[in-house]
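Please read the structure below before turning to the comments.
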Protein chains: 4
Amino acid sequence: MSVRGGDKYAAILDAAQHVIARQGYHNAQISRIAAEAGVAAGTVYLYFQNKPDLLVCLFRERLNLLVSEIKEAIGDAVDPREKLRRAIAQHLRSLGTRPELAAVTQIEMRQADTQVQQQISNLMKGWFAVIDQIIAEGQASGLFTREVPAKQIRNLIFGTLDQTVTAWVMSGYKFDILALAEPTYRLIAHGVMQHREGGVGNGDSGSPEADL
Amino acid sequence: MSVRGGDKYAAILDAAQHVIARQGYHNAQISRIAAEAGVAAGTVYLYFQNKPDLLVCLFRERLNLLVSEIKEAIGDAVDPREKLRRAIAQHLRSLGTRPELAAVTQIEMRQADTQVQQQISNLMKGWFAVIDQIIAEGQASGLFTREVPAKQIRNLIFGTLDQTVTAWVMSGYKFDILALAEPTYRLIAHGVMQHREGGVGNGDSGSPEADL
Amino acid sequence: MSVRGGDKYAAILDAAQHVIARQGYHNAQISRIAAEAGVAAGTVYLYFQNKPDLLVCLFRERLNLLVSEIKEAIGDAVDPREKLRRAIAQHLRSLGTRPELAAVTQIEMRQADTQVQQQISNLMKGWFAVIDQIIAEGQASGLFTREVPAKQIRNLIFGTLDQTVTAWVMSGYKFDILALAEPTYRLIAHGVMQHREGGVGNGDSGSPEADL
Amino acid sequence: MSVRGGDKYAAILDAAQHVIARQGYHNAQISRIAAEAGVAAGTVYLYFQNKPDLLVCLFRERLNLLVSEIKEAIGDAVDPREKLRRAIAQHLRSLGTRPELAAVTQIEMRQADTQVQQQISNLMKGWFAVIDQIIAEGQASGLFTREVPAKQIRNLIFGTLDQTVTAWVMSGYKFDILALAEPTYRLIAHGVMQHREGGVGNGDSGSPEADL
DNA sequence: TATGAATGAGATTTCATTCAT
DNA sequence: CATGAATGAAATCTCATTCAT
């Protein structure tokens, strides 16, 4: 049986997430994670090379989930605006319905050392690629502004989402983050300024706004 | 004489920033910071309660600098849009001209434990207050959208700036972050969507756009 | 069927020698030895009680080989001097033609813990017995000095051979150890001092020296 | 005060020797050595880089002692035979009067891993140099045989001494090793063979034998 | 104020060995 | 006989902090 396919692999990752979320990154000893997973400490090393590897695998697994959920949410949408709208909503939904995971990704894992951060940073490219694709389509179709570098648009989108989820976690989950999906989309799409009637972004009848 | 007034206080903070920037957060031992500051390790404890306190003090000091520079940049501007524009530009300028500080605030200090993060989070309220004030004025004057909660507008502004500086540091300072001030303002102000002629945000003659 | 008769028994010993020689004593894990032998780790414990037992068995097997080769080399020699000469030559030949084995016996196995060393020490008595027999015969026949305890003569002979092989291994096998057989015999037989003509040890026409 | 000059430096080395001799190499934990030395475990790392470094320093210190004692014993002797005789006697005396040290050098330290062994091997060159010098003088003066490579003479001398001390330690110190000095010298000097009257090596009236 | 030598708690990781299959 | 997944004990080393001077 494949090492990564074993149910202990998933059990250890789940345990790591639990422990990190509850006890904090720096208190997440291998021994606690192993105990939580119901295995011996040494067993962890049958599935992961070392502690950093375990953490990177955890992040990869969860990020892959996030990205796949977002891709699925985008589904067959054609309009880049609609794609953006769905991607934003799904990002907030994927983390907003998993407070424990959100705490891990937004707060705790950021305490990892530079080596792990570097690998996490590489993994983020998977999610960036999805955003970049939407931006490229949007600019190609003339729907998105070309006055600003695509990378900076990505910084706007990702930075806003990241900060939103972080604020939610640090607030103690005290507000309804799912309700922020649409306002956040509007902000990103149309900006902070007051929209005149007949203003920005109201495209054809298939426009995102029309769907709401 | 005030403890905080001694030049060793500042020397230790400067040393901490140097060491953290060069060696990374997890290699920034008190002994190295003390050596860099030209004092004995024990002396650090005459000026700071403990290591977390030192880090929080460092962050507070630098954030206060950032906020005061931003307030000064805003100066006597009246139009909330202009205030926003200047604030964005100054945030990027304050960090963009201090790569070492940017590395510390964007990358290294985020590895601090949850306790320190919590205190840093509180300190951030100083900078958030400036943003929130601009937003409040913007919304009150009808220039900024009221369809979106002010806090979410703050998340957009801060998240975008934060992500921009982080991307700049992680790129190895390979692009001109100061040149991103205006595009970033436009994105935040007008959004991602293509702006129609006569579109959003062209206010009076004192409008930001008119200044460009 | 005898456990020790199985070919896996020999295969595991061979594998142990390979692995110890290549990876060093402290990197010679049971799992690697098993893999090299083409069996599962657990299988090793069907043939050996534990790791120390495996090492002792390996040493015993190889020492038995050495001793039997030496005895065979001595063959039908009668003169104790000739016996000594042949024993010395064969010791150097047995190890000098098996560099891997020499590395294991001279360098790696010496890192074994005191418990194993004690058992190895006992096994050495087999080889010592051969030397001691030659010494006894030499002293009985009046050919070898009686001024020195037989045990110390043994220390001279064994110590010199042992150090010679060790030096050869540590040199990276860079000199011809077989060529040292005769000089080593001469040193041991006649000592370091310059030999006068008609000096020590020129026995009858069958003396070793006559053969050179 | 020099780090290596502090009395704790010597105290830790002494403690290491005690613990290794009593508990065996593999049971010589830093914590036990520190306790024996009357310091905290962490203090050991103020004086030594790591455990291997401690062991190498211990060996170096003791070997330097041995070599200096031997050099002093050789003193003003001129005849290479006398120098050899004194060197042999002092080697046996230096270790024979320090059973604990002998156990450490002959048995326990040989269990060190390859890294440490390599450094120990380099340190041995100091002692080898003394022997080699005597051999060179002996050969130059025509007193020592030139038929055998000097290095092999060194192997004879060192190998015999080493094996002698090892046998003494493994016997549980059950024989008088100091009494072996003269017989060992004779063996090395004159060889195993029966010495004719007026035999080998009777030099001038100042010859070593005349002194006995 | 200032020093810096000393402290000591605490976690990762390895690997010989077992045992259910 | 054979397997190999799982076990779990054990020790090095770091570094924030203290305190006698």
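All heavy atoms count here, side chains included; hydrogens, waters and symmetry mates do not. Order of the sequence lines fixes the chain letters, A, B, ..., with proteins taken first and strands second; residue numbering starts at 1 for each chain.
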Legend entry - Any C:Tyr47 side-chain N or O less than 4.0 Å from OP1/OP2 of F:dA2: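 Answer yes for this pair, as a side-chain N or O of C:Tyr47 is under 4.0 Å from OP1 or OP2.
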Inset, instruction - Would you tell me if any nitrogen or oxygen in the side chain of A:Lys8 comes within less than 4.0 Å of OP1 or OP2 on F:dA6? - result: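 Answer yes for this pair, as a side-chain N or O of A:Lys8 is under 4.0 Å from OP1 or OP2.
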Inset, instruction - Kindly give the heavy-atom pair with the smallest separation between C:Val169 and C:Ala103, and that separation in Å. - result: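 Minimum heavy-atom separation between C:Val169 and C:Ala103: CG1-CA, 3.9 Å.
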Can you check the [X] [atom1] to [N] [atom2] distance for me, whole Å?
X        : N      : atom1 : atom2 : value
B:Ile12  : E:dT1  : CD1   : P     : 12 Å
A:Gln115 : E:dT12 : CD    : P     : 14 Å
B:Phe48  : F:dA16 : CZ    : P     : 15 Å
C:Tyr9   : F:dA2  : OH    : P     : 15 Å

Inset, instruction - Find the distance between NZ (A:Lys125) and CD1 (A:Ile120) and round it off to the nearest 0.5 Å. - result: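 Here the rounded value is 13.5 Å.
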Inset, instruction - For C:Arg62, check side chain to side chain donor-acceptor pair (under 3.5 Å) against everything at least two apart and list the hits. - result: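 C:Arg62 satisfies side chain to side chain donor-acceptor pair (under 3.5 Å) with C:Asp14, C:Gln17 only.
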Inset, instruction - Could you tell me how the ring of A:Tyr9 sits relative to the ring of A:Tyr47: parallel (under 30°), tilted (30 to 60°) or perpendicular (over 60°)? - result: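 Tilted.
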Inset, instruction - Considering only NZ, NE, NH1 and NH2 on the basic side and carboxylate oxygens on the acidic side, decide whether A:Arg22 and A:Glu36 come within less than 4.0 Å. - result: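 Here A:Arg22 pairs with A:Glu36 in a salt bridge, since their nearest N and O are under 4.0 Å apart.
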Inset, instruction - Using a strict 4.0 Å threshold on nitrogen-to-oxygen distance, state whether D:Asp53 and D:Arg60 make a salt bridge. - result: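 No.
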Inset, instruction - Using a 4.0 Å heavy-atom cut-off across all strands, classify D:Val39 as base, sugar-phosphate, or nothing. - result: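 D:Val39: backbone/sugar contact only, no base atoms under 4.0 Å.
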Inset, instruction - State, without any angle test, whether D:Gln111 and C:Asp113 hold a side-chain donor-acceptor pair at a distance under 3.5 Å. - result: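 Per modelled atom types, D:Gln111 and C:Asp113 side chains form no pair under 3.5 Å.
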Inset, instruction - Classify every nucleotide of nucleotides 13-21 of chain E by which part a protein heavy atom approaches to under 4.0 Å, writing B for the base, S for the sugar-phosphate alone and - for neither, in 5'-to-3' order. - result: BBSSBB---
Inset, instruction - For DNA chain E, produce a single dot-bracket line, 5' to 3'. Pairs: Watson-Crick or G-U wobble, both distances under 3.5 Å. Symbols: ( ) within strand, [ ] crossing, | other strand, . unpaired. - result: .||||||||||||||||||||
Legend entry - Min side-chain heavy-atom separation A:Val104-A:Phe59 under 4.5 Å: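 Counting from C-beta outward, A:Val104 and A:Phe59 never come under 4.5 Å.
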